[in-house]
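To start, the structure under review is shown below, and the notes come after it.
Quick note on labels: first sequence line is chain A, next is B, and so on, each numbered from 1. Owing to the predicted nature of the structure, the values given are computational and were not obtained by experimental measurement.
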Number of protein chains: 2
Amino acid sequence: MQKSAIIIADAHYLTRLGLRHILAEIPSCELVGEASSEHQLLHKLHTTKADIVVLDYNQPGKFTTDTVEKVRQISPQSRLLIISGDDDKKTIYQVLESGVNSFLSKHCGEKEIVDAIEATTRNEKFYCTNVLNHLLEKSFPKETDCAPTPLSPREIDIVRLVANGLIAKEIAGKLKLSTHTVYTHRKNIMKKLKLGTTSELVRFALTEGLV
Amino acid sequence: MQKSAIIIADAHYLTRLGLRHILAEIPSCELVGEASSEHQLLHKLHTTKADIVVLDYNQPGKFTTDTVEKVRQISPQSRLLIISGDDDKKTIYQVLESGVNSFLSKHCGEKEIVDAIEATTRNEKFYCTNVLNHLLEKSFPKETDCAPTPLSPREIDIVRLVANGLIAKEIAGKLKLSTHTVYTHRKNIMKKLKLGTTSELVRFALTEGLV
DNA sequence: AATCAATTTTAATTAAATCTAAATAAACAT
DNA sequence: ATGTTTATTTAGATTTAATTAAAATTGATT
């Protein structure tokens, strides 16, 4: 079995040292280079084939947010495993959107790091717990459980149809009601939700996941 | 060190057998029970303390989408590792939103399964590659770069304001235009985008990221 | 039996949207 | 340089949608 060639790109010597020892314990991996700056890394990639680049993210002056893109251009076959010192939302979303294979924060323990490297060698994705928590928060923002919607079932029907682009007359036709009924429902809905316009109603429906 | 007590809840005997053998290889884990239906599982949870429940998801007649909630009520300290046979978007989003610890699909290989179990014992989260791909798609939808919008700058102004809940008269005031001008823009926008109602316009603005 | 919330309707009114038509200015091509 | 297109702006007459206020009906709850 072919070993995976790995390049470590991290601005901190201590971090590189730590990674070096972890990699030494993984039989399927072989460290083929180290770099402490973007310039060094890009140069190394021109001379050495890498299956995985373990990349420090956004060390000012060393690695920037563009490094990911540059690596991809020079060495499209290399998978990227990001280890980020920052674990704020903004950084995490940036990294995730850049489409890297795996993503750890520097707070991860050895087990997660090893798992991440091994998953990446198998061309799988691996995100550490911390990253997953942020990702979930973005995908499934906490609902304000206390009062989901004060709307009645019928009113929810109306909201749905309005948000789907139907006007009152069409809704009346579909639901076999008078258009007046529809308008009354709308009025009550607007009052309950303290909304002023149809647009706000549509936005409510969309953000509330009613459509 | 205390071993993690694990209950396997899966409708398929073969799956349980497979899991049993994987668990036997993990020193930090101890299988303390099996269940092939929700009823059996809930009963088992009343008599046996479980650190982790490995749960098959949505086997009709055996486990339902409510099972997660019921497990949580009976045994709040148990972590949940879902292994789902379905890996369609809808199922995945449902499961993720239910806030489980870890999530595999039945297509995962042994390594991912072992990693997931070990991560879960450490109270970390683990989602398999397949699940991550869907999650990313939801969080960072691909932009349709090809034809961003055929709208003129002024028209985009109008769309924005409409989507923000302003009616034509207010927009006219804000932009120091005649309301007629606003209506004309709206009409042209509707024509360009082939939309029929205000609601559809708002949805366009929201999905296009104009607001 | 009384009350409340949800659902439904009417009639009269008001506000918003549409249609038709057209003027102006800037950008573009022949 | 002139004609053409596109974006922007406006007006008047018309149509349509939305709002308001008042009330009847149903079903559930107390």
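Sorted by residue number, the members of residues 171-179 of chain B with any non-hydrogen atom under 4.0 Å from DNA chain D read B:Leu177, B:Ser178. Across residues 158-169 of chain B, not one residue has a non-hydrogen atom less than 4.0 Å from an atom of DNA chain D.
Comment: A:Lys192 engages A:Glu155 in a salt bridge, judged by a side-chain N to carboxylate O separation of less than 4.0 angstrom. Classification of B:Asp56 and B:Lys106 as a salt-bridged pair holds, one side-chain N sitting under 4.0 Å from a carboxylate O.
With A:Glu137 contributing its side chain and A:Lys89 its backbone, the two residues share no donor-acceptor pair below 3.5 Å.
Side-chain proximity of A:Ser152 to C:dT7, D:dT8, D:dA11: nearest is C:dT7. In the set D:dT19, C:dT8, D:dT9, D:dT19 carries the atom at the smallest distance from any side-chain atom of A:Arg186.
Remark: A:Glu38 engages A:Leu42, A:Phe63, A:Thr64, A:Thr67, A:Lys70 in a side chain to side chain contact (heavy atoms under 4.5 Å, CB included) (not counting sequence neighbours). Applying the ring pair (Phe, Tyr, Trp, His ring centres under 6.0 Å) criterion to B:Phe103, with sequence neighbours excluded, gives no partner residue. By the side-chain hydrogen bond (donor to acceptor under 3.5 Å, both in side chains) test, A:Ser199 is found to be paired with no residue, residues two or more places apart in sequence or in another chain being considered. Residues forming a side-chain hydrogen bond (donor to acceptor under 3.5 Å, both in side chains) with B:Lys187 (at least two apart in sequence, or on another chain): none. Residues passing the side-chain hydrogen bond (donor to acceptor under 3.5 Å, both in side chains) test with B:His107, sequence neighbours excluded: B:Asp87. For B:Thr181, there are no side-chain hydrogen bond (donor to acceptor under 3.5 Å, both in side chains) partners at least two apart in sequence or on another chain. With sequence neighbours excluded, no residue satisfies side chain to side chain contact (heavy atoms under 4.5 Å, CB included) with B:Gln2.
The phosphate of D:dT8 (OP1 or OP2) has no side-chain N or O of B:Thr181 nearer than 4.0 angstrom.
For B:Ser4 and B:Glu30, the side-chain atoms include no donor-acceptor pair closer than 3.5 Å.
Atom pair A:His180:NE2 and D:dT16:P shows a separation of 15 Å (rounding to whole Å applied). The CZ-C1' distance, from A:Arg154 to D:dA28, rounds to 18 Å in whole Å. Atom-to-atom, CG of A:Leu195 to C1' of D:dA18 comes out at 15 Å; the value is rounded to the nearest Å. Between B:His185 atom NE2 and C:dA17 atom P the separation is 15 Å, expressed in whole Å. Between the OH atom of A:Tyr183 and the C1' atom of D:dA17 there is a distance of 4 Å, rounded to whole Å. With rounding to whole Å, B:Asn188 atom CG is found 11 Å from C:dT18 atom P. Between B:Lys191 atom NZ and D:dT6 atom P the separation is 11 Å, expressed in whole Å. B:Glu155 places its CD atom 8 Å from the C1' atom of D:dA7, with the value rounded to the nearest Å.
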Please produce a list of atom pairs where a protein N or O lies less than 3.5 Å from an N or O of nucleotides 21-26 of chain C.
none

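Stem list for DNA chain C (at least 3 consecutive Watson-Crick or G-U pairs, distances under 3.5 Å): C:1-30 with D:1-30.
At a threshold of 4.5 Å between non-hydrogen side-chain atoms, the residues A:Ile6 and A:Val54 count as touching. Side-chain contact check for A:Val131 versus A:Leu96: some heavy-atom pair is nearer than 4.5 Å.
For the ring-ring contact (aromatic ring centres under 6.0 Å, His included) condition, no pair includes a residue of residues 166-200 of chain A, sequence neighbours left out.
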